[in-house]
Amino acid sequence: MSASDRLSPCARIGILGGGQLGRMLATAGARLGLDVVIFDPQQACPASRVAAETITAPYEDLDAIARFAQSVDAVTYEFENVPVEAAREAARHAPLRPGVKALDVAQDRITEKTFLNENGAPTVAFRRVRSADDAKVGTEDLGVPALLKTRRFGYDGKGQAVIRDVPAAANAFVTIGEQPAILEAFAPFARELSVIAARGLDGTIEIYPLSENVHADGILRETKAPARSNKALRAEASRIAEAILTALDYVGVLAVELFELEDGTLLVNEIAPRVHNTGHWTEAACRVSQFEQHMRAVAGWPVVDPAPIRKARMINLIGDDVDAWADWLVHPNAVLTLYGKRQTRPGRKMGHVTLLDD
Ligand code: AMP
């Protein structure tokens, strides 16, 4: 990385996607003097109200994507389901960080697991499923319970079915909408962990302490960091994260979701080529948050030791949980973040609170 690769502090960074992640990235960027331009199909998306500028158009509008990318110095994205065509178009006009390959890999569960296994990151055993019969044969092969998931566009536990016996396999295929799918062996995990890692334009890698995560109904509820861990576990998580970042020639922050088995083995559940809900605690408890680290990388600035300074427990405020916001405001250890979403819906992430030294 030479000094000329570094964007100036008044540079304009484009973000594809304007949800809460875009909002927190824009806020972190603004503190460093960067102007953020949001591209999102929805007007008044959470990020638009803190960004320097917003372009409202569908991702399929490649002319709008081109104009957006031409108006900024670098482009990034805040969610992994950005249509690859839109990302490719943006990359024709400005550096796209991270690149298209990370999206390609993360958008398809079979491509993702194949990529992970080829790069020394272990996962559960899996089978490709195109029919009810594939689901049945795969279940006989992998054993029960098994999980059937759509290959694409699954998030927060959507598009998934648990198969508890072989005869249920065909029905599970119907439940997920008879779409191309992946059948996964069930991981008998003791804990769910994640690691947030960053890679700079010069290849420098920095890794945050492991987070321990609790999900319910497929949605993250809580993260504790740093997770209880020994040196071997930390070394293995770092090895996996580094292997993935390097193989993708990645620039920016990436999250690796992990299953820890009883014997300490780590399996990768999935990767997210973006800042991640299990890294929200870094904003309140580290010198450099995942959001700042990502903006640094995208701007070609140094990524650095995040220097965690506090222990943290992050609680997602989902749906009506957000009604307690005024109580959190006066809680002595709480750092409250609200996403500015005007409508509360069940299952919708409305904000989060990080309890320090809890
Ligand atoms: P996903 O959308 O794939 O991240 O899955 C959401 C949640 O379902 C995970 O965080 C786990 O709690 C659970 N899960 C997903 N895949 C598996 C698996 N193969 N074995 C056990 N639990 C799983």
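Numbering of ligands and ligand atoms starts at 1, following listing order. Keep in mind that the numbers below use all heavy atoms, side chains included, and drop hydrogens, waters and symmetry copies. Positions are given from 1 along the sequence.
Under 4.0 angstrom from ligand 1, the non-hydrogen atoms of N269 all belong to its side chain.
Of the listed options F259, F126, F186, F259 places a heavy atom closest to atom 14 (N) of ligand 1. Evaluated by nearest non-hydrogen atom to atom 11 (C) of ligand 1, the leading choice among E192, H215, R109, E184 is E192.
Within a 6.0 Å sphere centred on CD of Q42, other residues, nucleotides and ligands contribute 12 heavy atoms or fewer.
Between D357 and K311 there is no salt bridge, since no side-chain N of the basic residue sits under 4.0 Å from a carboxylate O of the acidic one.
For the ligand labelled ligand 1, residue A146 lies outside the 4.0 Å heavy-atom shell.
The side-chain contact (heavy atoms from CB on, under 4.5 Å) search around V251 returns R97, L201, A297, not counting sequence neighbours. Partners of E78 by salt bridge (charged side-chain N to carboxylate O under 4.0 Å, His left out), not counting sequence neighbours: none found.
Distances below 4.0 Å separate heavy atoms of L147 from the following atoms of ligand 1: 17 (C), 18 (C), 19 (N), 20 (N). Listed by atom number, the atoms of ligand 1 under 4.0 Å from E257 heavy atoms are 4 (O).
L266 pairs with exactly one of V256, L210, L261, L233 by the side chain to side chain contact (heavy atoms under 4.5 Å, CB included) rule, that one being L233.
Between F189 and ligand 1, a contact under 3.5 Å exists for no N or O pair.
A distance-only check finds a donor-acceptor pair linking the side chain of D73 to the backbone of R12 [under 3.5 Å].
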